[in-house]
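Have a look at the structure below, then the notes.
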Amino acid sequence: VASEHAAVEIHDVGPPGPISSRASAGSSTSSRSSSSPIVLDLDAANVPHFMEGGASGDEGADKAEAWLNARGLTAINIVCDGGRPLHGVLDSIAGTNLRQKPAFLVTGTSRNGCAHTVVACNGDIVCDPSIDDSGIIGPCDDG
């Protein structure tokens, strides 16, 4: 089940390639900062970690939005309450652009019980940056 933070990055990258050149699975960075470069088709070193320095969630989101806007991009947050199966949410998001099939980020609660971000494309999760394939099993704890 996707969360309120399911973000669709408006950027045509097609299906993401192997994560080895863009992000490091199992690294000490957050799943969000490991997933974002994949969606944006950038090396991880070229995408800032917006939560550095103890930034609040709102501060990090503001920094990320400003960084995206400077590149002609924006994030769209699609709020899901957890009442719909994850695959139905992914299919609905994928259906918004059947020609381009953009990759997008999905944040929710992982099997480990913490907030986690994965990359989805064309109705499927295509990259989970965790070391244990923790996936998304429910909405974020804040909705």
ask   = Got a second to check how far Leu42's CG is from Arg71's CZ, nearest 0.5 Å?
value = 8.0 Å
query = Between Leu68 and Leu40, is any pair of side-chain heavy atoms under 4.5 Å apart?
reply = yes
Gly123 versus Ala94, closest heavy-atom pair with distance = N-CB, 3.3 Å
inquiry  = Using 0.5 Å steps for rounding, measure from the CD1 atom of Ile136 to the OG atom of Ser110.
reply    = 7.0 Å
key: Partners passing side-chain contact (heavy atoms from CB on, under 4.5 Å) against Asp132 (at least two apart in sequence or in another chain)   = Asn112, Ser130, Ser134
task = Answer yes or no: is there a side-chain heavy-atom contact under 4.5 Å between Asp124 and Leu90?
result = no
task = Please confirm whether the backbone N or O of Asp133 pairs with a side-chain atom of Arg111, one donor and one acceptor, at under 3.5 Å?
result = yes
message = So, using side chain to side chain donor-acceptor pair (under 3.5 Å) as the criterion, who are the partners of Asn69 when residues are at least two apart?
response = Glu65
message = In the structure I gave you, are the side-chain heavy atoms of Val119 and Phe104 within less than 4.5 Å of one another anywhere?
response = no
key: Heavy-atom closest contact (Gly108 atom, Cys140 atom, distance)   = CA-SG, 3.8 Å
query = Looking at residues at least two apart in the chain, or sitting in another chain, which of them share a side-chain contact (heavy atoms from CB on, under 4.5 Å) with Asp91?
reply = His87
ask   = Got a sec: does the CG of Asn46 have more than 12 other heavy atoms crowding it under 6.0 Å?
value = yes
task = Over all heavy atoms of both residues, which pair between Ser92 and Arg84 is shortest? Give the atoms and the distance, please.
result = OG-NH2, 2.7 Å
query = So, does Asp128 use its side chain to make a donor-acceptor pair with the main chain of Gly135 at under 3.5 Å?
reply = yes
task = Among residues two or more places apart or on two chains, list those pairs meeting ring pair (Phe, Tyr, Trp, His ring centres under 6.0 Å) that have a residue in residues 66-86.
result = Phe50-Trp67
inquiry  = Test side chain to side chain contact (heavy atoms under 4.5 Å, CB included) on Leu105 and Ser36; report intermediate values, then the result.
reply    = CA-CA 7 Å; Leu105 302 178; Ser36 296; 3.6 Å; yes
